[in-house]
Every structure is written in structure tokens, then in C-alpha cells.
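Below is one structure, written out as C-alpha cells; the observations come after it.
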Amino acid sequence: MNNSVRYISNLTRDTYAIILAGGRGSRLHELTDWRAKPALYFGGKFRIIDFPLSNCINSGIRRVGVVTQYKSHSLIRHVTRGWGHFKKELGESVEILPASQQTSGNWYEGTADAVFQNIDIIRHELPKYVMILSGDHVYRMDYAGLLAAHAESGADMTVCCLEADIPEAAGAFGVMEVDEDNRIIGFEEKPEHPKHMPKNPEKCLASMGNYVFNTKFLFDQLKKDAVNENSERDFGKDIIPNIIKDHNVFAYPFASSLDSEPPYWRDVGTLDSFFQANMELLSPTPALNLYDAKWPIWTYQEQLPPAKFVFDDEDRRGMAVDSIVSGGCIISGAKVKRSVLFDEVRVCSYSFVKDAVLLPDVVVLKNCRIKNAIIDRGCIIPEGMVIGFDPEHDRARGFRVSKGGVTLVTRKMLGLPVGYE
């Protein structure tokens with residue numbers, strides 16, 4: 001083992017990661033009525049939480065806490081099933097950290113408070129560094145580069161950032177100003193008019209919600225924040241603005257964290273962005289390579305039979321083109337084009353599905369036509385139903401139509417029983 005590999009290995013071994021996975025994702029509307037945003041399905045077989053978890057494991061960080069709060073049942077079940085095999089005695093673990101009112105009688109009141117309420121758990125791990133990660137985004141990132149930059153710069157805190165279009169960042173992301181050494185000299189949380197980068201008036205430097213702290217420094221700042229009656233207990237609104245003047249806080253550009261793959265990061269926080277990110281995966285060479293054996297995305301998956309396509313008559317041919325079709329699916333005498341089908345989807349004879357995302361256990365009965373749609377888990381689409389061809393008709397039936405013209409259908413909208421999933 002050469003010195004550089006040993007150096008990185010020491011950094012990752014001395015790091016404890018906390019994934020903040022308690023967010024609701026209200027801009028996804030009914031898709032998050034019964035699940036937290038990090039538990040939302042993505043890419044045919046994954047959930048959003050699988051991406052930061054896989055980044056941790058692939059980066060060599062094997063001590064991880066997952067902070068949960070909003071409607072966390074499906075998230076906890078998924079993490080327990082898919083990520084509960086790590087051996088604590090070998091110095092590795094993925095643990096659920098629900099709001100348990102350890103330091104007060106309150107639930108988590110903000111991102112900083114979510115970490116503060118778990119100080120004793122972190123302290124028990126004796127890490128040199130604490131990495132705090134958003135559980136809301138889909139991206140591929142080697143955290144080892146971020147840790148190395150943090151250690152080499154002498155920073156107290158490092159904020160991972162990306163270049164964002166100003167209209168996209170306005171009101172949505174924390175925005176930083178940096179000097180020539182990437183030290184942060186200004187920070188605004190979700191400004192309506194973000195300050196542009198010095199050499200690019202169309203771009204700003206946006207926080208990804210991923211941070212690295214020296215452990216003692218983090219604890220000191222959280223304790224100060226906890227007694228500040230005016231604080232909202234948030235890293236972006238309170239912690240970062242209060243420390244950038246007197247401490248070493250640096251920005252780390254996301255683009256430099258990748259090697260052979262181009263940078264990929266998506267905030268799938270709206271119906272349109274969620275739909276578009278799934279559609280991007282259908283490209284022959286998608287921006288997110290789910291087939292990279294060197295950087296696998298791990299997840300829990302049931303032992304399902306292979307996908308099956310049946311019937312080959314001229315007017316009744318089971319087929320899928322430019323699509324992702326997952327295990328347990330049956331395309332029975334139906335046509336599927338440019339669509340993402342999750343586990344155990346059934347599409348019955350003479351139906352046509354195009355430009356659609358069908359979550360697990362969806363059944364499309366005979367003679368249906370569906371396009372530009374997201375069909376939530378467990379929906380049974382009645383025979384002959386047409387979805388996505390007439391937005392006004394869809395709205396009249398109680399379906400939601402996004403600004404971009406994507407129709408969302410859930411079990412409740414169809415009059416079917418609802419619940420955790």
C-alpha cells in the first residue's frame with residue numbers, strides 16, 4: 001500500500017458520517033404523503049437514500065448514522081433490510097438515529113439540532129472528523145477527496161459546493177462567496193437574488209448541504225447554538241454565517257471530486273425534476289452511470305424472477321424499447337417506450353405506456369394509454385383509462401399535473417387504500 005492510499009484510508013477510518021434523512025420533500029406533493037423524500041424510489045430499483053449511503057461505503061467511510069424524522073417507517077425498513085449487515089465489532093455500522101429527544105423534550109428542530117441531539121452517539125465513536133450529508137439528492141461522489149482537502153487546508157469546516165445557474169439557485173440553495181484560496185467570506189441561505197461568481201455573472205456557488213467538521217469544533221459550535229434563543233438550529237441559517245468571520249471555513253468544488261465520470265448531481269425535489277432525472281437514465285450513455293462496477297449503487301432488493309415479455313401478435317406484442325424494466329415485471333401483449341418500470345409492474349394486453357415512471361407493484365390493465373406520467377406504488381390503473389394526454393381531463397379526475405405537464409397518479413386519487421410503503 002503506497003503512502004497516499006494509506007493517508008486516505010486513515011482519513012476515512014477516522015470519519016463518522018451523518019446523513020440527514022428526515023426531510024419531507026413537500027414540493028413532491030402526494031409522492032411524499034406517506035414517505036420521507038430520502039425513501040422515494042429512483043432509477044428502477046433504488047431509493048434516494050441509497051446514493052449517499054453508497055458514496056460513503058465506496059469512499060471507505062463505514063461508520064454512518066442515518067437521521068430520520070418525517071414519516072420514516074418505509075425509510076427505516078429499507079435501511080434496516082438493505083444496510084443492516086455491517087459488523088459493529090469490525091468498526092463498521094449503518095445505524096438509524098430517529099428523533100429520540102435525548103437533549104430536550106423536542107423533536108429535531110433543524111439540521112444542526114438533529115446533529116446536536118446525537119452528540120453522545122458521535123462522541124462514543126471517537127471520530128477525528130464528522131461528515132454531515134444531505135439525504136435528499138441523487139449524485140455520485142468520492143468523499144475521500146473532500147476529506148483530504150479538508151485536512152490539508154487546515155479548515156475547521158469545509159462546505160462542498162457546485163456551480164449553479166442563478167435562477168435555479170434563487171430561493172433554493174445556500175450561496176457562498178469565496179476568496180482566491182476558496183475560503184468562504186460570505187454566505188446567504190436561500191437568497192432570492194444570489195450573488196454571482198466573480199468571473200461568471202450567470203453562475204453562483206451553491207452549497208450541496210454536505211459538510212466536514214473537525215469533531216471538537218463541531219461540538220463547540222453546536223453547544224453554542226443550542227443556547228442561542230434566536231437560532232433556528234440550522235447549519236445554513238445559523239452555524240455557517242456565525243463562524244465564517246473568525247474561523248477557517250473553506251469551499252470544496254464538487255467537480256474536483258470525480259475522476260473518469262463527469263460530475264452528476266440532481267436535486268429531485270419537484271415532480272418535474274424527479275421525472276426528468278429518471279428519464280435521463282434512458283439515454284444510451286446517461287450522465288449517471290448505474291452500470292459502473294467500480295462505483296456500484298448498493299440497495300435492498302427482493303429475490304424476484306426476471307422480467308418477462310409475452311405475446312408476439314401484430315396487434316398484441318409484449319415489448320419495451322429505450323426503457324428500464326426491473327425484476328418481476330411482466331409486459332403482456334403491451335407496448336412500453338421510453339419508460340422506467342420498477343419491480344413487479346404489470347402492463348396488460350393492448351395497453352401503451354410512453355415517457356412514464358411506474359413505481360413498484362403498479363398494474364396497468366387492458367387498453368390503457370399512459371404518457372408523461374408518474375404512477376405511484378401499488379396503483380391499479382382501470383381498464384381503458386387514458387392518462388397524460390389531456391391535462392385538463394386529468395385534473396378533473398383529481399390527478400395532479402405539474403408545471404411541466406407531468407401527471408401524477410396515486411392510490412388515493414384512484415380510490416384505493418393508502419399507507420406506508
Side-chain angles (χ1 to χ4, degrees), residues 23-51 136-139 164-165 167-168 172 264-284 286-290 297 320-326 329 335-343 345 347 351-362 364 368-379 381 385-395 397-414 421:
R24 174 175 180 172
S26 58
R27 294 178 299 160
L28 288 159
H29 302 286
E30 291 85 358
L31 270 184
T32 51
D33 273 356
W34 291 99
R35 58 174 79 93
K37 181 182 173 184
L40 183 59
Y41 300 94
F42 183 83
K45 63 184 295 184
F46 308 103
R47 299 205 188 209
I48 292 173
I49 189 67
D50 292 325
F51 289 86
D136 288 354
H137 305 125
V138 176
Y139 65 106
D165 294 331
E168 177 188 4
Y264 179 92
W265 182 89
R266 297 291 185 273
D267 176 18
V268 289
T270 66
L271 293 176
D272 289 326
S273 62
F274 171 78
F275 179 81
Q276 184 58 39
N278 275 281
M279 289 294 102
E280 288 176 355
L281 300 175
L282 303 176
S283 166
L288 175 62
N289 183 7
L290 296 177
I297 306 302
V321 180
D322 291 334
S323 297
I324 290 173
V325 181
S326 299
C329 289
K335 294 182 180 180
V336 176
K337 294 186 177 181
R338 282 195 47 80
S339 295
V340 178
L341 275 56
F342 285 74
D343 295 341
V345 168
V347 186
S351 287
F352 176 64
V353 177
K354 180 182 179 182
D355 297 321
V357 178
L358 277 55
L359 299 190
D361 304 317
V362 166
V364 179
C368 293
R369 291 192 299 146
I370 300 173
K371 75 170 186 176
N372 295 332
I374 301 167
I375 312 298
D376 200 4
R377 179 172 186 164
C379 284
I381 306 302
M385 180 170 278
V386 177
I387 298 171
F389 288 80
D390 185 340
E392 292 306 316
H393 187 215
D394 287 345
R395 291 189 182 98
R397 289 180 294 178
F399 302 157
R400 180 177 293 276
V401 180
S402 72
K403 292 181 180 179
V406 177
T407 299
L408 170 65
V409 180
T410 68
R411 284 182 291 185
K412 184 176 181 180
M413 296 172 185
L414 293 169
E421 50 206 28

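Side-chain atoms are counted along with the backbone in the values below, which use heavy atoms only and exclude waters and symmetry mates.
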Test of understanding: with salt bridge (Lys or Arg N to Asp or Glu O under 4.0 Å), list the residues that count as partners of [X], not counting sequence neighbours.
X      : result
Arg369 : none
Asp33  : Arg24
Asp355 : Arg338
Glu168 : none

Rounded distance (nearest 0.5 Å) linking atom [atom1] of [X] with atom [atom2] of [Y]:
X      : Y      : atom1 : atom2 : value
Asp322 : Lys354 : CG    : NZ    : 10.5 Å
Ile49  : Leu40  : CD1   : CG    : 12.0 Å
Ile375 : Thr407 : CD1   : OG1   : 8.0 Å

Between [X] and [Y], which heavy-atom pair has the shortest distance, and what is it?
X      : Y      : answer
Gly43  : Leu290 : O-CD1, 4.1 Å
Leu359 : Val345 : O-CG2, 3.5 Å
Val364 : Cys368 : CG1-CB, 3.6 Å
Met279 : Val357 : CE-CG2, 3.8 Å

Do the non-hydrogen side-chain atoms of [X] and [Y] ever get within less than 4.5 Å of each other?
X      : Y      : result
Phe42  : Asn278 : yes
Lys371 : Phe389 : yes
Pro38  : Asp136 : yes
Glu280 : Tyr264 : yes
Tyr41  : Asp343 : no
His393 : Phe399 : no

Test side-chain contact (heavy atoms from CB on, under 4.5 Å) applied to [X] - qualifying residues, sequence neighbours left out:
X      : result
Asp361 : Glu344, Arg377
Ser323 : Ala320, Val325, Val336, Ser339
Asp50  : Phe46, Arg47, His78, Trp83, Ile297, Thr299
Arg400 : His29, Glu30, Leu271, Leu408, Met413

Report task. Start with the C-alpha gap between Ile48 and Val268, add the side-chain angles, then the distance that decides, and say whether side chain to side chain contact (heavy atoms under 4.5 Å, CB included) holds. Result -> CA-CA 9 Å; Ile48 292 173; Val268 289; 3.5 Å; yes
Side chain to side chain donor-acceptor pair (under 3.5 Å) involving [X] - partner list, sequence neighbours excluded:
X      : value
Asp165 : Lys203
Thr270 : Ser273
Ser402 : Asp272
Lys45  : Gln301

Requested in this report: Under the salt bridge (Lys or Arg N to Asp or Glu O under 4.0 Å) rule, what do Lys37 and Asp267 come out as? Steps first, then yes or no, please.
Outcome: CA-CA 11 Å; Lys37 181 182 173 184; Asp267 176 18; 3.1 Å; yes
Query raised in the report: Does Asp376 reach the main-chain N or O of Val409 with its side chain, forming a donor-acceptor pair under 3.5 Å?
Result: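 The answer is no, because no donor-acceptor pair under 3.5 Å joins these two groups.
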Query raised in the report: Can you name the one residue among Ile370, Leu341, Val362, Ile381 that meets side chain to side chain contact (heavy atoms under 4.5 Å, CB included) with Val347?
Result: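 Only match with Val347 under side chain to side chain contact (heavy atoms under 4.5 Å, CB included): Leu341.
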